[in-house]
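Working notes, structure below.
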Amino acid sequence: MAELLTVLSNPPLKVRGSLLKVEDLAVAYRVDGINVHAVEGIDFAMQAGATLGLVGESGCGKTTLARALMGVLPTNARITRGKVWLDGVDLAALPEAERRAKLWRDLSFVPQTAMNALDPVYRLRDQMREVLCKRGGLWRSAADARAAELFSAVGLDPSRLMDYPHQFSGGMRQRAAIAMALALKPRLIIADEPVTALDVIVQRQVLDTIRGLSTDLGLSAIIVTHDISVVAYLCSIVAVMYAGRIVEFGPIDKVMREPAHPYTMGLMNASPDLERAGEDLVPIEGSPPSMVEPPPGCRFAERCPFALPACGEAQPPTMDVATDHRAACIRIDEVSDLRAQAREASTWRH
């Protein structure tokens with residue numbers, strides 16, 4: 001781990017305190033003259049050194065939220081309201097040039113497919129130089145030394161800096177993308193499905209790399225994934241998203257052991273669990289609602305086995321379940337009984 005300790009040595013390691021705070025964030029896409037409300041009413045905060053998992057099924061708004069935090073939304077998308085505070089600065093209110101200047105330095109992005117971040121016609125050394133020299137202001141010799149440190153930190157031989165991306169395996173390309181994201185010692189890294197396209201052995205290796213950086217360096221990260229087992233292995237806190245909203249938020253151990261929202265309970269039933277080996281996985285029947293005209297009440301109500309008539313009338317308030325653990329469900333007072341019922345497969349078979 002000696003190499004790791006040099007990668008992010010400034011600012012000091014394991015500094016705790018408020019890092020990111022998101023207030024009432026909403027993002028809409030304009031498609032064929034219609035607004036698609038992909039993300040609405042997002043509120044959460046994370047401390048320096050934390051690893052936050054954004055989990056939910058495809059289309060729930062995870063990637064849109066991640067890109068909104070970065071300020072790299074598609075041309076037909078825009079933030080319609082809300083604030084994104086990073087170290088006390090509202091990124092959403094900054095002019096485009098100032099916000100872009102913070103990319104790589106204050107926050108950086110690891111895409112789902114590493115080839116989207118790596119130019120196939122340039123050696124890795126030249127791509128690292130572009131970040132370190134043009135954005136970081138280093139001379140070539142210093143940039144090359146820094147690139148070698150970064151490759152060692154993520155488990156790559158520095159000699160591979162002379163290779164092209166196509167000469168790397170999928171796992172190696174993902175590690176190289178992580179090394180580039182670390183180049184300018186950002187305060188926060190956002191990784192969008194960093195292991196989805198990899199086999200399970202390589203997934204473990206990449207996850208261990210991120211986990212080592214987080215543990216030894218106090219690295220702050222947001223991990224976007226549909227796989228709740230990745231969140232359980234890697235993250236300290238979790239935000240469960242459904243249909244553009246966060247329906248449950250809290251420390252990973254509390255959320256995994258005592259889920260408070262029916263959607264979280266359903267996700268866990270649909271995921272493999274060694275403690276329930278041999279049992280059938282139970283899918284959540286149905287599909288998420290259209291985001292063109294979202295329902296007025298709880299967006300999970302149509303698929304929820306515990307829904308009441310009131311659930312379809314108004315958005316449920318987000319309520320405290322325990323310390324730092326909250327969920328948006330009007331039946332929070334009955335959560336112990338709901339949790340017991342949710343473990344039965346028959347509950348989910350309408």
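These numbers come from a predicted model, not from an experiment.
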Next item on the list: Decide, yes or no, whether a salt bridge links Arg204 with Asp208 under the criterion of side-chain N to carboxylate O below 4.0 Å.
Entry: yes
Margin query: Using 0.5 Å steps for rounding, measure from the CE atom of Met128 to the CG atom of Leu150.
Written below: 4.5 Å
Next item on the list: Could you pull out all residues at least two apart from Lys102 that satisfy salt bridge (Lys or Arg N to Asp or Glu O under 4.0 Å)?
Entry: Asp106
Checklist line | N/O donor-acceptor pair under 3.5 Å between Arg123 side chain and Met162 backbone | finding: yes
Next item on the list: Take atom CZ of Arg100 as the centre, draw a 6.0 Å sphere, and report whether it contains more than 12 heavy atoms from other residues, nucleotides or ligands.
Entry: no
Next item on the list: Say whether Val224 and Phe44 are linked into one hydrophobic cluster, either directly or through other cluster members, by side-chain heavy-atom distances under 4.5 angstrom.
Entry: yes
Next item on the list: State plainly whether the residues Lys185 and Glu149 are in salt-bridge range, i.e. N to O under 4.0 Å.
Entry: no
Item checked: Shortest non-hydrogen separation from Ala342 to Trp348 and the atoms involved -> O-NE1, 2.9 Å
Item checked: From Cys235 atom SG to Met46 atom CE, the distance as rounded to the nearest 0.5 Å -> 9.0 Å
Check: If you round to the nearest 0.5 Å, how far is SG of Cys329 from CD of Glu334?
Finding: 8.5 Å
Next item on the list: Would you kindly check if the NZ (Lys) or CZ (Arg) of Arg160 is within the cone defined by 45 degrees around the ring axis of Phe168 and under 6.0 Å from the six-membered ring centre?
Entry: yes
Do any side-chain atoms of residues 25-43 form donor-acceptor pairs under 3.5 angstrom with protein atoms, and if so which ones, sequence neighbours left out?
unit_1	atom_1	unit_2	atom_2	d
Tyr29	OH	Thr64	OG1	2.7
Arg30	NH1	Gly33	O	3.2
Arg30	NH1	Asn35	OD1	3.1
Arg30	NH2	Gly33	O	2.9
Glu40	OE1	Arg299	NH2	2.4
Asp43	OD1	Asp24	N	2.8

Next item on the list: Hey, could you give me each pair passing ring pair (Phe, Tyr, Trp, His ring centres under 6.0 Å) that has a residue in residues 229-261? Not counting sequence neighbours.
Entry: Tyr242-Tyr263, Tyr242-Phe300
Notebook entry, point to check: Between Glu248 and Thr264, do the side chains contain an N or O donor and an N or O acceptor separated by less than 3.5 Å?
Noted result: yes
Item checked: Asp144/Arg125 salt bridge by N-O under 4.0 Å criterion -> no
Checklist line | Inter- and intrachain pairs under salt bridge (charged side-chain N to carboxylate O under 4.0 Å, His left out), touching residues 257-271, at least two apart | finding: none
Checklist line | With sequence neighbours excluded, residues passing salt bridge (Lys or Arg N to Asp or Glu O under 4.0 Å) with Glu313 | finding: none
Notebook entry, point to check: Applying salt bridge (charged side-chain N to carboxylate O under 4.0 Å, His left out), which residue pairs with at least one partner in residues 319-328 are found, sequence neighbours left out?
Noted result: none
Next item on the list: Return yes if a side-chain donor-acceptor contact under 3.5 Å exists between Asp157 and Ser159, otherwise no.
Entry: yes
Notebook entry, point to check: Going from CD on Gln174 to OG1 on Thr209, what distance comes out if it is rounded to the nearest 0.5 angstrom?
Noted result: 10.5 Å
Checklist line | Heavy-atom pair of closest approach, residues Cys311 and Ala301 | finding: CB-CB, 4.2 Å
Notebook entry, point to check: In Å, rounded to the nearest 0.5 Å, how long is the span from SG of Cys60 to CD1 of Ile246?
Noted result: 10.0 Å
Margin query: Any side-chain to backbone donor/acceptor pair from Asn269 onto Pro283? Under 3.5 Å, distance only.
Written below: no
Next item on the list: Measure across Ala176 and Leu156 and return the closest heavy-atom pair with its distance rounded to 0.1 Å.
Entry: N-CD1, 3.8 Å
